[in-house]
Amino acid sequence: MAEFIATEGFGGPGEAGEARVFEAVKAAYAGEEALGFWRYPLVTRQTVREPDILVADPELGLVVIEVKSLPLDMIGSVTGYHWNLTRPYYGKTAINPYQQAHKQAQVLGEMTARKSRLTGLATRAVVAVPLITRDEWDARFGQLLSDVPMLFADQLTPVRLRRALEQTPPVRYGEPLDDEGWLALRGALGTSGNVPKRQVRHLQAPTESRRKIDLIARCARHLHAFDLQQELIAKTIPPGPQRIRGIAGSGKTVLLAQKAANMHLRHPEWNIALVFFSRSLYDQIKFQVDYWLRQATNGERTLQTAQHRLRILHAWGSKDQPGFYRTLASQVNVPPLTVANTPDASPTAKLLFACKALLDDARATGTSLQIFDAVLIDEGQDLVHEEVSLSFQEKQAFYWMAYQSLRPVARDALLDTGEPESRRLIWAYDEAQSLDSLVIPSTRALFGDAGAQVFGAGVVYRGGIRKSEIMNRCYRTPGPVLLAAHALGMGLLREGGMLAGLTNRADWKAIGYDVDGQFRSGSEVVLTRSPENSPNPLPGFTPEPLVTFESFLDRAAELRALVAAVQRDLAEGGLQPSRHLLIVVPGLDGQPYGLQKAVFDALREAGVSVYLPGNRDADVPKQRWPDTDPNGFWREGSVTVSPVMQAKGNEADVVYVVGLDHVAAQEDSIKLRNQLFVGVSRSRGWVHLSGSDMAQTRLADEIQRVIAADGTLKFVYRPPKRQLDDVG
């Protein structure tokens, strides 16, 4: 079916004609196979503009349509491809629209051929004049029709438009695409076909091998289908706020990085901030933004060349690393608060205390915080708190600070929506990964009564960009593992009934589940997850269970088994210690750190190299400043052992979650359940759960029920303590 994406809302000068042609193209391809973009983000050289309209057609290849919304009396004369104008058009008295479209078609053809390896891809270029009919043009320039392929106002009907494109001579000749070629072209134009490829050894491993490294290599070669929602999120620039709710492993961080890169390429004059909570994500996000800048420009733009306008900022920051809060504190000209001079509390609470104080200072001094044109927030669930004293005028302090840091969108971009003003605040979150607060970062929760003013009326901006997106497809975690993560994190099969979760069919469907039954107290509900929404292919490559659990008599026995399993993965499984393996330790207060040390000691005694996140060096206990690396999470040659908070946003092929007795002791704690969900959902492949002295616990029985469920979760619904329904 045809899929069309308007990358930025219509509304600017001269866009009415482009909108008319774009809608006509959409109508012409209704029910057909096609992929179309209004202003595809193509920036390879300063002389190349993004195409007004790009159509990918399995029969015609790529078609670039350059739209010129000129009345006939503005065109004084035409010589070949050269048009002389009777009055200036965007400051120009002469234009060459076909040459412009021709060049874009050439560049796009080269780019997609390079990415898809389609050597015989046809490309076409045509000039559309939606204000001029063919008869009008014919009467004045008819003898020149053969020089420039044209699309006239009276050809903007489905049949005539398709015929005009079919009759357009190719810039580059090629054959119609077969199914494989069509999928390759869609992948080359889209996000899913261009994500950074994993570097896995033994890529030519035999398909009959059951070694973990060979199975991982087979998964790495697997290509995901074109995902329209990913394209809508990554390539569109909303004219106001946008909320992105995505399940674990859906690619929120990757898409925000691509979105930030596209914003910069489209609007290099904008000041853009991409903000995140976990310092261990810093290097990953920098890599992603740099990758997408290079990908879009064939290596000509990088994060280094963009960083004066496009800034990657930790939510707080430190003396040696700029952060979002510290940047705004400098704007207000007040000394930034630090962890040491904020009240004793969680990291989130400390940050929000500082943000509230900064908002008070800005209000008291009358200082404007407006220095950014767009702010994108990752890990949005970790930047809220239920403590009322940390709110600013009944709004979440960090988000209101971010909103106040934005300049209002220019009036011509508001698209006649009626909002008094709009600001580009874009935040992504997964409420199931919240480790410190139980607040869901919906618009209402963030801004209170001001939410209606922030978001404006309606759910879609003019041009089709949605104000809210829900991502339901998990690319990272295999379906059985994600199912177990949700079941354990929410307590769906818990003896006493679920602790947290969605309470209606629509919201479960929105995150990729099929539902049978009614969410009425005492009624049975059945949840399943289709392979389409969990495209990781590992379950089809191996018959072995991807989720296992074992309870041991004591911690010493648990650690001995852990060491033996890690050694098997390294020796027999062919895995590397770093990034293939991850050990996660849950618990509240000091529990994770005591367990982390015990795991560290056991592995080191066995000769296994270990890295503790935040350390400067591997194979040493927890280090203190200055022997630290706050952004560090991996070290080559070492197995990372991490508390859940630091593991957020990272992933590995085999994840060991140890010490589940910490969760069993308070199995009704939603925060511990969220930790369990985060730990399990870090996996790209296998998850091994373990604990000591758990044999007679409710949690052990529940875990066994989840594993035995084999992809079908049946439970009797009881209203949970925490509802995760999408409330806007």
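Fair warning: this is a prediction, and the values are worked out from it, not measured in the lab.
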- Note on the structure: Only one of Asp382, Leu383, Leu274 passes side-chain contact (heavy atoms from CB on, under 4.5 Å) with Ile377, and that residue is Leu383
- Any donor-acceptor pair under 3.5 Å linking the side chain of Gln155 with the backbone of Phe152? yes
- Query: Any ion pair linking Arg684 and Glu651 (charged N to carboxylate O, less than 4.0 Å)?
  - Reply: yes
- Message: Testing the 3.5 Å rule here: is there a donor-acceptor pair between the side chains of Gln321 and Arg326?
- Response: no
- Under 6.0 Å between ring centres, would you say that holds for Tyr282 and Phe276? yes
- Only one of Glu469, Gln381, Glu431 forms a side chain to side chain donor-acceptor pair (under 3.5 Å) with Arg245, so which one is it? Glu431
- Salt-bridge contact Arg294-Glu300 (side-chain N to carboxylate O under 4.0 Å): no
- Message: Does the plane of the ring in Tyr399 sit parallel, tilted or perpendicular to the ring in Phe447? Use 30° and 60° as the thresholds.
- Response: perpendicular
- Between Arg39 and Glu8, does at least one N-O distance fall below 4.0 Å, as a salt bridge requires? no
- Message: In terms of relative ring orientation, are Trp270 and His267 parallel, tilted or perpendicular, with 30° and 60° separating the classes?
- Response: parallel
- Item | Enclosure of Glu269 CD (heavy-atom neighbours >12, cutoff 6.0 Å) | yes
- Describe, in one word, how the ring planes of Phe455 and Trp427 are oriented to each other, choosing from parallel (under 30°), tilted (30 to 60°) and perpendicular (over 60°). tilted
- Query: In this structure, are over 12 heavy atoms from other groups packed under 6.0 Å from Gln370 atom CD?
  - Reply: yes
- Query: Does the separation of the ring centres of His314 and Phe324 fall below 6.0 angstrom?
  - Reply: no
- Within the distance-only criterion (no hydrogens, no angle test), does the side chain of Arg423 pair as donor or acceptor with the backbone N or O of Pro408 below 3.5 angstrom? no
- Query: Any side-chain donor-acceptor pair under 3.5 Å between Ser278 and Glu379?
  - Reply: yes
- Main-chain N/O of Pro130 paired with Arg20 side-chain donor or acceptor, under 3.5 Å: yes
- Can you check whether Ala28's main-chain N or O pairs, donor with acceptor, with Arg162's side chain at less than 3.5 Å? yes
